[in-house]
Each structure stands twice: as C-alpha cells, then as structure tokens.
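So the structure is just underneath, and the comments pick up after that.
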Amino acid sequence: MSRLPNKDNGTGMTRRGFLVAMTAAGVSFGFPRVAMAAMNPATDNGQPLPNADALYEPTLWYSIDSAGKVKVNIIRAEMGQHVGTSIARILADELEADWDDVEIIHVDSDKKWGLMVTGGSWSVSQSWPVYRQAGAAGRTALIEAAAKLWGVPQRLCQASKGQIICGKKSISYGELIAQGVNRQFTEAELKALPLKPNQDMKLVGQQVRGLDINNKTTGQTVFGIDANIEGMVYAAPILPPTRYGSKVLSVDDSAAKAVKGYQQALTLEDPSNTVPGWVVVLASSYYAAKKASELVKVEWQVGPAAKVSEADIISHGRALLQDASKGAILDTGDTNTEPVFAKASSTIEHEYITDTVLHAQMEPLNATVFKNQDGVWEIHSGCQWQSLTLPVAAAALQVPEEQVVIRAYMLGGGFGRRLNGDYTIPAALASKALGGKPVKLVFTREQDLQFDSPRSASLQQLRMAFDGDKHVLAMEHHATAGWPTEVMIPVFMPKGTNGEPYDPFSIAGADHWYNVGAQKVRAVSNDLANDTFRPGWLRSVSPGWVGWAVESFMDEAAHHAGVDPLAFRLEHLTAEGRNAGSGPIASGGASRQAAVLKKAAEMIGYGKELPKDSGIGIASTFGQERDMPTWVAVAVQVKVERDTGLVHVEKLHVAVDAGIIVDPNGAEAQCQGAALWGLSMALYEGTQLVNGKFKDSNFDTYTPLRIGQTPEVKVEFVKNDYAPAGLGEPAVTPVAPAIANAIYNAVGVRLRKIPMTPADVKTALKA
C-alpha cells in the first residue's frame with residue numbers, strides 16, 4: 001500500500017535474513033506494519049533499508065548490524081534544518097563510527113520514544129547528553145567484546161572509524177556483531193559511562209556529508225503531501241466562518257453532483273471539538289474534490305467570534321493589564337516594585353504592540369488517514385509534536401491512543417505550525433465516516449492561512465524607575481496575548497509566585513539577564529484571543545515579541561539616562577546573583593550576553609560616522625528560556641527614505657554564543673534564516689483579524705521578506721566548550737528592536753509597533 005514499490009529486490013537477502021530484519025525493525029519501531037513505520041530520508045522511497053542478519057541495539061536510540069551499518073533513531077521532525085544529521089553525528093562521534101556507515105531513521109509515534117516534539121530550539125541541545133551516552137554504550141560494549149575475543153585487557157583496545165584496534169589486531173564493528181554482542185546497560189550504568197573529552201571530537205564541529213541532502217536536491221524526498229495510499233479518496237475542506245462556535249445548519253450539494261468524480265459532502269461530528277462546523281467534500285481526485293467544494297453551499301449558525309477584530313484583541317488586552325489582580329507573576333527575585341516606583345526621582349513607561357503573524361509555510365497543510373488491516377489508525381503527515389497530536393486524534397476517533405500511530409514524513413516547512421496537529425483531525429473523521437477507507441485531505445493556500453494557528457497579537461507595557469543620578473532602581477514588564485499552551489496543552493504551564501499558571505511560551509524573554517533592581521514580570525492571558533482563534537507557537541515564540549519590547553525599551557531607557565545604548569546595556573549585564581548563570585548550558589550568565597553584544601558592535605563598526613538618514617542599531621537577547629539560553633546580539637545599519645517611509649536594512653550582523661556548535665553549516669544557515677525571519681516580521685510580515693478572519697489569505701497581500709530586500713548578513717559564533725544550546729529560533733529575537741533602534745538613530749523617530757510599515761515611519765516623521 002506504500003506510494004512506491006520496494007526497489008531493493010536484488011539484495012540477495014536470504015529468507016532468514018529477511019525475517020530477522022523485519023523482526024528487528026518491528027522491535028525498533030513498535031508498529032504492526034513495518035513498511036509504514038518510519039522514514040529514511042536517504043532512500044528513494046523513504047523506507048528504511050533492511051538490516052543484515054545480526055543486529056545489536058545498545059540502547060533505544062540506534063542499532064548496529066553485522067554489515068556495520070549504524071541506524072540512528074530520530075524522534076525530531078525534519079523540515080529543512082538537517083536535524084537528523086546533527087543528532088546522528090553526536091552519537092557517531094561518541095561511538096567512533098565510520099560516518100559512511102551511518103543512516104538516520106525518523107521513527108513513528110510509539111510512546112516508548114518519550115516526548116516527541118520538534119520546537120523550542122530543543123532538538124540538538126536536549127539530544128546532546130542522551131545520544132552521547134548512547135554512543136558511549138556501544139563503544140564500551142564493542143571494546144569489551146573485542147577484548148574478550150582476543151583475551152587482552154580492555155585498556156589496550158581502542159575504537160576508531162568503525163573498528164576496534166589493539167596493537168596490530170583490528171576487527172570491524174560488523175564482524176563483532178556477527179559473532180554476537182548483547183551487552184545491555186541500566187540507566188545508572190549509562191550515566192556513569194565516561195565520555196570522550198570534547199577536544200577529541202572528530203565529527204562534531206566539522207564539515208560532514210549531510211544524510212538527507214541528496215534526495216532533497218533531486219526532488220525525491222517524500223513529504224506528507226506526497227502520501228499515496230492504495231484506494232484512497234481525496235477530501236477538500238469547507239471552512240466555517242469562525243474557528244469556534246459555528247454550526248452547520250444545511251448543506252446543498254446539488255450543483256457539485258455535476259462534477260465528474262464527486263462522491264459526497266460530509267458534515268463532520270468531532271468529539272475533540274477541534275474542527276467544529278466543518279464540511280469536507282470527497283471525490284476521486286484532488287481536482288474534483290476542490291472543484292466540487294466550490295459548488296457546495298453550506299449555511300452556518302455563526303459563532304460569536306465573527307464580530308471580533310484585531311483592535312478588539314488589543315483593547316481587551318489593555319483592559320486586562322489595567323487590572324493588577326490579573327495574571328501570573330514570574331519569579332525574578334525581588335518583585336516588590338511598587339515602593340521603589342513610589343520613591344523614584346524619574347520614571348519612564350512605554351507600550352509596545354505586535355500584529356498577528358501567520359506561519360505561511362511552503363507545504364500547505366495535509367494529512368492522509370486510514371485504518372489498516374491490524375485495526376490501527378495510520379496518520380500520514382508531517383508533524384512537529386506527535387505526543388500532542390496523537391491523543392487529540394484518538395479522542396476524535398474515540399479509540400485508545402494505542403490504536404493510533406503517526407508515520408514520519410518530511411515537512412515542507414513547519415516554523416511551529418505543525419506543532420498543532422489539528423489539520424489531521426478532519427482527515428481522520430472523514431476516514432472514520434467511510435469505515436476506515438484512506439482519505440487524503442489537502443488545504444489550499446487560502447485555507448491554510450485562514451485555518452492557521454498564528455502568533456497572537458500582543459500588547460506589552462514596560463516601566464522603569466531611576467534615582468536622581470538616573471541609575472536604574474526597578475523595572476516592570478506586563479504582557480498579554482493569546483496563549484497557545486493554555487489552549488492546547490495546559491499541563492505544560494507552570495505557576496507564578498502568586499500561584500497563577502502562565503504560558504512560558506508567551507512570556508519567556510521578559511525575565512531577562514539585566515540587573516535592574518526590583519523586577520516584576522506579569523503575564524496575562526488574552527481570553528478574547530483564545531476564544532476567537534487558536535493561538536499557536538511560531539518560530540521564536542514569545543522571545544520574538546517580548547524581546548522586541550525589552551530591547552526597544554532598554555534603548556529608550558539608555559537615552560533617558562543620557563548613556564550610550566551599548567554602554568548602558570553592558571553596565572547592566574553583570575553576572576551576579578540570579579544572573580550569574582548555571583550549568584551546563586547557562587553557565588557564565590549575563591557575561592556571555594555582554595560578550596556577544598561587544599562582538600556585534602565590533603562587527604558593524606558601532607560608533608562610526610554614517611551618511612544622513614542612516615543609523616546603526618543594536619539589540620541583544622538570550623534566545624529562548626533562561627535554562628537554555630542562546631546568547632545573540634544583532635547590529636543593523638539602516639537607511640530611511642523620509643519621503644516614502646521606506647526603511648532599507650543594508651547590513652545585518654549577528655553574533656551568537658550557543659556553546660559547542662555541532663553542525664557548522666547548519667548552524668550558520670539556521671541563524672541566517674532566523675535573522676531574516678526577524679527582519680521579515682519587523683518590516684514586512686503581519687496580518688490583522690477582521691470580523692473573525694485574518695485579512696490576508698495568500699502571498700499577494702501577505703508579503704514576507706523577498707530576496708531583493710535581503711541585506712548583507714554576517715554570522716559569527718563565539719567559540720567555547722559549553723554544552724550546545726538551541727539555534728533554530730534565537731537569531732529571530734533581537735532583529736526587530738535593533739532595526740527600531742537604528743531608525744531612531746537615523747531620523748529620530750521611535751516606533752513601538754511591528755511590523756514597522758512605511759506609513760508608520762511617515763506618520764512618525766510628521767508628528
């Protein structure tokens with residue numbers, strides 16, 4: 001039933017070898033139908049190659065067969081960041097494997113893999129200790145086996161490039177496996193294994209062959225939209241007027257019956273309440289389904305969100321922030337700011353706003369779902385958060401979670417959109433209505449954007465108190481937006497010091513590393529946003545908009561204090577108290593943020609003379625959460641056209657401290673892409689809610705950064721031996737405030753809303 005036949009019929013495998021390989025794969029992937037269980041992106045059909053006769057699995061995370069092939073199990077989704085190559089090289093380096101023998105397997109959604117999520121810039125950082133331990137286990141077991149075979153002490157044996165060597169003797173990993181290796185390790189034994197010194201790493205930090213590059217460049221990579229199951233029908237959705245609260249009153253498909261291939265229009269009944277008010281049109285081809293869906297007439301009872309627009313979200317947020325009893329207070333040490341402000345010699349207070357931002361990934365949402373011959377519901381779709389999607393799908397299908405599996409596919413862009421697996425539900429419900437028949441549902445671009453889980457519009461109010469010498473005494477940060485974690489997985493929400501839960505992905509970054517005396521950070525959920533659309537996680541999550549406010553405000557505070565903005569920041573980035581940092585990733589604390597600031601300033605020539613209406617701006621953030629900071633500083637040079645309001649970013653320089661860089665090429669590409677995404681959201685990208693719908697539905701009006709608008713981008717990494725931090729998102733976060741600060745230095749106007757449009761610039765100049 002796979003999309004492509006197995007082309008490996010000429011392998012010469014024995015019947016026994018085939019059975020051994022199938023059994024081993026079944027163990028590895030925990031799924032009744034092995035061919036659909038996982039994906040090897042290096043094969044022409046995406047299916048894992050069979051193992052040789054004997055197989056050894058030192059841990060859950062990989063296997064070695066008697067041909068010496070090392071298959072590394074990857075639980076992270078691949079969406080262009082080459083995460084499999086990065087993670088596999090961590091393991092292969094510690095294992096001392098030959099890189100030519102390494103393959104990657106993107107596994108299914110079996111619960112044994114633990115939390116399966118690709119987001120938060122966590123993938124490499126969280127994999128670093130796990131896969132190093134796993135690699136050390138295999139190396140240890142193979143050295144033990146070789147030493148026993150030769151009758152020599154283990155200390156005389158060493159591993160290198162897929163072999164164990166002792167003096168003039170050597171034996172390959174595959175030969176050892178063929179003779180039988182079954183050493184297993186307890187959790188305690190794994191943690192006690194000695195790891196290689198970082199300076200002895202041979203693959204980490206070096207240029208190596210990407211394990212999934214070839215098929216991407218030749219067009220053979222299998223994405224979710226490529227899924228093709230024998231006997232499937234196509235489904236085109238008809239979206240209700242509002243995300244929530246709409247109810248189907250009637251469906252008239254009389255005109256659609258004239259379309260060749262049209263089958264029926266289904267009104268979905270969804271026990272999970274993910275897609276209320278949905279209708280899907282079924283046909284024998286995608287073209288027929290889409291054409292018929294345009295002819296089906298649906299009458300709805302409209303939900304209350306049809307009356308809500310962006311201005312309502314912002315004004316409601318402003319009202320929420322005015323009520324001091326609302327929200328959660330984060331633990332920032334001394335949060336008792338009121339008496340400090342009461343005695344301050346001067347204060348400043350500013351408000352910052354961000355528009356709604358859509359994901360707009362290249363591959364439109366899609367899912368193919370069916371019930372297989374073993375009674376298991378298969379979901380074929382690219383997914384960033386299997387552990388979140390699977391229970392929702394099970395609830396919609398009204399079956400135990402054990403009867404649902406998500407098959408790995410490559411993602412044609414994710415950026416956080418596919419963390420929310422809501423798009424799999426209508427396909428699942430349609431398949432259930434057909435008795436488990438395969439149904440492939442594909443969204444149009446317009447439907448994809450309208451059904452998006454966007455980054456919510458946000459409102460932030462920041463205050464700072466100064467003494468008579470303009471020294472900082474206290475700071476407050478009050479923020480409100482729609483909370484994705486509250487809507488989709490509230491158990492992930494910690495509690496503030498006042499006992500109120502908060503969404504960490506909607507406030508991280510406000511608990512910054514500047515020493516500002518008493519500090520209060522308050523996070524307030526915008527319930528109107530939550531009830532109107534489904535807020536989502538978008539690349540860089542809250543630091544993308546919280547950092548905008550913090551670093552714009554720090555610039556304004558510097559000017560209030562009469563201090564150079566760079567010097568002002570460095571003065572307050574002291575690694576003391578809670579800002580001293582802690583291991584393994586946050587070691588060094590605020591001193592590392594100060595270091596990247598200095599580096600970015602040096603890269604761009606901070607302080608140099610510039611032409612009229614040009615300016616340099618700086619900003620610095622720590623990327624994500626305080627326990628996994630990636631220190632980033634951005635310096636930009638802009639030219640502002642006073643008559644048109646156009647802002648030209650001429651240079652964008654990024655300094656990054658992410659600890660050990662596992663994949664140099666990938667790291668640079670991630671930071672370049674992230675910084676340009678930050679630029680896109682700063683000047684070009686954003687939508688607004690109008691009567692319950694986003695006003696932009698395609699790239700004719702939703703206009704992310706174009707290649708002709710791309711400036712000179714330079715990325716430099718600080719070299720050190722700290723544990724790796726994340727790199728997918730952090731470079732997004734300081735770009736917008738750096739641009740705003742540069743605009744101020746160029747033409748003297750302060751913009752406090754993003755995107756900063758030419759109209760905004762002209763209005764500010766006139767004012």
Side-chain angles (χ1 to χ4, degrees), residues 318 321 332 337 340-341 344-354 458-479 509-522 543-573 593-594 597 600-601 606-607 615-622 633-638 640 647 678 682-683 733-756 760-761 763-765 767:
R318 192 172 287 120
L321 292 186
T332 51
T337 54
V340 183
F341 273 88
S345 295
S346 64
T347 64
I348 61 171
E349 180 172 354
H350 294 295
E351 183 176 88
Y352 301 88
I353 294 174
T354 64
S458 73
L459 178 83
Q460 301 173 80
Q461 295 172 347
L462 282 72
R463 303 173 66 206
M464 188 172 279
F466 300 82
D467 66 14
D469 295 322
K470 297 288 182 69
H471 295 139
V472 178
L473 298 175
M475 182 174 175
E476 291 184 357
H477 189 143
H478 308 271
D511 52 343
H512 53 69
W513 294 77
Y514 293 107
N515 280 316
V516 290
Q519 182 184 6
K520 178 182 286 185
V521 173
R522 180 168 63 115
W545 51 271
V546 169
W548 149 250
V550 170
E551 283 299 290
S552 294
F553 187 69
M554 291 302 290
D555 228 62
E556 300 203 59
H559 286 288
H560 176 79
V563 180
D564 173 80
L566 174 60
F568 183 82
R569 286 175 171 82
L570 294 175
E571 177 187 344
H572 293 90
L573 283 171
Q593 188 167 347
L597 256 173
Y606 185 83
I616 286 175
I618 57 167
S620 175
T621 65
F622 57 102
V634 162
V636 300
Q637 181 175 317
V638 306
V640 181
V647 176
L683 295 180
T733 59
V735 177
I739 293 172
N741 299 336
I743 292 171
Y744 180 82
N745 291 332
V747 293
V749 299
R750 180 66 67 177
L751 302 178
R752 301 189 181 97
K753 178 179 174 295
I754 53 175
M756 295 172 277
D760 294 333
V761 174
T763 299
L765 285 168

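Position 1 is the first residue of the sequence; numbering continues from there.
Across Ala682 and Ile739, no two heavy atoms sit closer than the pair CB-CD1, 3.9 Å. Looking at every heavy atom in both residues, Phe341 comes nearest to Met464 through CE2-C, 3.6 Å. The nearest pair of heavy atoms linking Ala561 to Phe568 is CB-CE1, 4.2 Å. Val550 and Gly509 get closest at one heavy-atom pair: CG2-O, 4.0 Å. The shortest non-hydrogen separation linking Pro755 to Asp760 is O-OD2, 3.3 Å. The shortest non-hydrogen separation linking Val640 to Ala746 is CG2-CB, 4.0 Å.
Remark: His478 pairs with Glu476, Arg522 by the side chain to side chain donor-acceptor pair (under 3.5 Å) rule, at least two apart or across chains. Residues meeting the side chain to side chain contact (heavy atoms under 4.5 Å, CB included) test with Ala742, sequence neighbours left out: Val636, Val638. The ring pair (Phe, Tyr, Trp, His ring centres under 6.0 Å) search around His559 returns Tyr744, not counting sequence neighbours. For Ala601, the side chain to side chain contact (heavy atoms under 4.5 Å, CB included) partners at least two apart in sequence or on another chain are Leu566, Tyr606. Partners of Ala549 according to the side chain to side chain contact (heavy atoms under 4.5 Å, CB included) rule, which considers only residues two or more places apart in sequence or in another chain, are Tyr352, Gln460, Leu462, His477. Thr347 is linked by a side chain to side chain donor-acceptor pair (under 3.5 Å) to nothing, counting only residues two or more places apart in sequence or in another chain. Applying the side chain to side chain donor-acceptor pair (under 3.5 Å) criterion to Glu349, with sequence neighbours excluded, gives no partner residue. Take Asn515 and apply the side chain to side chain donor-acceptor pair (under 3.5 Å) test, not counting sequence neighbours, and it matches Thr574, Asn579. Annotation: side chain to side chain contact (heavy atoms under 4.5 Å, CB included) contacts of Ala594 (sequence neighbours excluded): Leu570, Leu573. Applying the salt bridge (charged side-chain N to carboxylate O under 4.0 Å, His left out) rule to Arg752 yields the partners Glu556; only residues at least two apart in sequence or on another chain are considered. Here Phe466 pairs with His560 under the ring pair (Phe, Tyr, Trp, His ring centres under 6.0 Å) rule; sequence neighbours left out.
In this structure, OG1 on Thr337 lies 9.5 Å from CD on Gln519, to the nearest 0.5 angstrom. In this structure, CG on Asn741 lies 12.5 Å from CD1 on Ile616, to the nearest 0.5 angstrom. To the nearest 0.5 angstrom, Tyr514 atom OH is 9.0 Å from Met475 atom CE. The distance from atom CD1 of Ile353 to atom CH2 of Trp548, rounded to the nearest 0.5 Å, is 10.0 Å. Distance CG/Leu473 to OG/Ser346: 8.5 Å, rounded to 0.5 Å. Taking NE2 of His512 as the start and CE of Met554 as the end, the distance is 6.5 Å to the nearest 0.5 Å.
The shortest side-chain heavy-atom distance between Pro737 and Ser552 falls under the 4.5 Å cut-off. Here the side chains of Val472 and His572 are in contact, with some heavy-atom distance below 4.5 Å. For the pair Val749/Ile743, a side-chain contact is recorded, criterion being any heavy-atom separation below 4.5 Å from C-beta on. Looking at Ser620 and Leu597, their side chains come closer than 4.5 Å, going by heavy atoms from C-beta outward.
Sorted by first then second residue, the salt bridge (Lys or Arg N to Asp or Glu O under 4.0 Å) pairs that include residues 560-571, not counting sequence neighbours, are Glu551-Arg569, Asp555-Arg569.
Checking side-chain atoms of Asn745 against main-chain N and O of Gly617 turns up no donor-acceptor pair under 3.5 Å.
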